[in-house]
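Data first, discussion second: the structure below is written as structure tokens.
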Amino acid sequence: MAENQLNILRYLSLLVISIFIVFVKDPYLLILLATFLLFKIIKLARWSFFSELSVLLWYAFFEGVIQKTVGVTGNTLSWAGTHMPFYFDELSIATISFLLIELFFLEFTKIISNEKNIYRLNLGIPLGLAIFLSLISSILMVLVFPSLPTFTANLVTRRTQGLSSLYGLVLFSLVLSSLTVEQSFQHKILYVFYAFNIFWSFGHAERVEVLGYLSYIVLKSINFYKFSLNKKTYKKMKKIFYVIIIITILLAMYIGLTRMGNSKVTISSFFVNFLSQGTVGDVTYIFNCATDLWKKGLEVNGVTYLDYLYRLIPGIHSNYSSETMLHFLYPETMGGQLFFAEPMMNFGLVGTVIMNIVFFIIMGWILHNSSKKYMGYFYIPIVIEIFRTAYYGRASWMLACFIEVPIIYFTIYILKKIFYTTKTKISE
């Protein structure tokens, strides 16, 4: 009890200090505060969905600080302050409030232990079925991108070839593959399928889902095998994963530099790309546009959240998604949107802080059911879409969770009943 009271006192002290720094509005103090909160989150959550999301949102804020202090180049955030005012104060409040709310949930709820439990669930996929799902996943990936990988694919070409125009097919294929992770350490052939999916997607400049896919494979593996492997083998597995992740991130940065036509990539260009990252700067600028909409009194009062209902109907296209509306109202934007953009354009700054709280309440509710096998399926697209959640909006995984996952779950249930129950009876 005394320790809990001390933690509450520490949190309240940090909250007061954070509010003071936000009111001071010094960008250097603000990035130091955000970085301090990020390190506390990583210390509590270790490697998790929540620590990853925090890093992605911190990075966007970092881009905002660069623009505020010295100015960025190479992305549309450089227009903030010229095409319209740069709403840095609103970006600061949205980011700092998110990190503080997250820290509260990590400190005083079981959200992290529940997340670890959901990775430790045995989804019960037999080896034969795992290989079948992996094969289907890789075939779908080739159908989506039927040309040979170049790692410099033009965006327009990439989005008009094969089946890439079908919404969510890449995610669907990666969900199928992710169901097999618990079999992978004993049966290394599955790693061949994982490597192929990553190679083929990256080869066609598709980064967003694949980075989340790799993230799920690692999170599932390091949690699922933690108590079944000896310490030496477990540590070796983690080191291999860390090396793969570093290589993958560097490759993702390379693709980002080359896919729009940059032919010369150097070490200095990698460093400059980190300080002024194209995608992150672009989506941060879109948050600025969403704030501008609210500042002009043109907030849409929840209309874009009704669009989520349309997203649950496969094949239905709506013009009322937040991304579509922002691009229509601000045609110079490059697509995507920062995590905070949708609540900002709907409800303004106070609404954004409230929606940060709502987000963690929803995630806490999802993870509260971490002992149920179905939730192990349900959580997969949420993790795979973590980069899209941070930089493209929250609706992208809804179709997979509420339509595709139930279909996959019950199809696998039927297949296991037909083939594996029958085999068991015959062997008896």
Side-chain angles (χ1 to χ4, degrees), residues 49-50 52-53 56-57 60 94 97-98 101-102 105 111 165-172 174-175 208-209 212 216 283 286-287 289-291 293-294 298-330 333 335-369 374-375 377-409:
F49 169 87
F50 298 100
E52 283 189 30
L53 183 59
L56 295 174
L57 296 179
S97 67
F98 179 91
I101 293 164
E102 179 177 8
F105 274 81
I111 198 167
S165 60
L166 294 181
Y167 177 79
L169 197 55
V170 171
L171 176 58
F172 179 79
L174 296 179
V175 170
V208 178
E209 274 80 15
Y216 178 81
V283 300
I286 292 172
F287 169 81
C289 295
T291 308
L293 196 69
W294 168 62
L298 300 174
E299 62 271 18
V300 296
N301 300 312
V303 168
T304 67
Y305 290 100
L306 295 177
D307 176 74
Y308 286 11
L309 299 176
Y310 288 100
R311 297 289 186 100
L312 296 179
I313 306 173
I316 296 295
H317 177 73
S318 169
N319 291 321
Y320 295 100
S321 70
S322 53
E323 183 178 359
T324 301
M325 292 183 71
L326 283 170
H327 186 63
F328 175 78
L329 295 168
Y330 299 89
T333 56
Q337 58 178 319
L338 189 60
F339 180 86
F340 311 115
E342 185 169 16
M344 180 63 77
M345 71 181 289
N346 278 279
F347 309 119
L349 186 57
V350 173
T352 300
V353 175
I354 293 173
M355 291 305 288
N356 285 341
I357 298 172
V358 170
F359 172 77
F360 283 102
I361 291 174
I362 292 173
M363 292 302 298
W365 176 81
I366 291 172
L367 292 168
H368 179 69
N369 297 284
Y374 180 78
M375 298 310 295
Y377 284 69
F378 190 89
Y379 200 61
I380 290 173
I382 296 177
V383 177
I384 291 177
E385 290 289 70
I386 185 169
F387 284 81
R388 199 168 288 280
T389 297
Y391 297 151
Y392 294 86
R394 279 167 271 199
S396 56
W397 50 264
M398 291 190 63
L399 181 63
C401 285
F402 291 103
I403 301 296
E404 294 173 1
V405 166
I407 293 172
I408 293 170
Y409 180 82

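Predicted, not measured: the structure shown is a model, and the values here were computed from it.
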Taking the side chain as everything from C-beta on, heavy atoms only, tell me whether [X] gets closer than 4.5 Å to [Y].
X: V208; Y: Y392; value: yes
X: M363; Y: F105; value: no
X: F340; Y: T291; value: no
X: W294; Y: T352; value: no
X: C401; Y: I382; value: yes
X: T333; Y: L326; value: no
X: M325; Y: T304; value: yes

Looking at every heavy atom in both [X] and [Y], which two are closest together, and how far apart are they?
X: A60; Y: L338; result: CB-CD1, 3.5 Å
X: P381; Y: V175; result: CB-CG2, 4.2 Å
X: V353; Y: S97; result: CG2-OG, 3.8 Å
X: I386; Y: L53; result: CD1-N, 3.6 Å
X: N346; Y: G302; result: OD1-N, 2.7 Å
X: P406; Y: Y374; result: CG-OH, 3.2 Å

With F287 as reference, evaluate Q337, E342, M345, M344 under the side-chain contact (heavy atoms from CB on, under 4.5 Å) test and give the passing residue.
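Testing F287 for a side-chain contact (heavy atoms from CB on, under 4.5 Å) against Q337, E342, M345, M344 leaves exactly one candidate, M344.
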What distance separates [X] [atom1] from [Y] [atom2], expressed to the nearest 0.5 Å?
X: L367; Y: I362; atom1: CG; atom2: CD1; answer: 12.0 Å
X: E385; Y: F49; atom1: CD; atom2: CZ; answer: 10.5 Å
X: E209; Y: L169; atom1: CD; atom2: CG; answer: 11.0 Å
X: L293; Y: L298; atom1: CG; atom2: CG; answer: 5.0 Å
X: I361; Y: I366; atom1: CD1; atom2: CD1; answer: 12.5 Å
X: L174; Y: I384; atom1: CG; atom2: CD1; answer: 5.5 Å

Kindly state whether the ring of [X] and the ring of [Y] have centres lying under 6.0 angstrom apart.
X: F378; Y: F402; result: yes
X: F359; Y: F339; result: yes
X: Y379; Y: Y216; result: no

Given 3.5 Å as the limit, does a donor-acceptor pair link the side chain of N369 with the main chain of W365, or not?
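Flag set: sc N369 to bb W365 pair under 3.5 Å.
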Do side-chain atoms of E323 reach the backbone of G336 as a donor and acceptor pair under 3.5 angstrom?
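Between the backbone of G336 and the side chain of E323 there is a qualifying donor-acceptor contact (under 3.5 Å).
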Begin from the C-alpha positions of D307 and T324 and carry the test side chain to side chain contact (heavy atoms under 4.5 Å, CB included) through to its verdict.
CA-CA 11 Å; D307 176 74; T324 301; over 6 Å; no
Is there a side chain to side chain contact (heavy atoms under 4.5 Å, CB included) between F50 and I111? Walk through the geometry before answering.
CA-CA 10 Å; F50 298 100; I111 198 167; 3.5 Å; yes
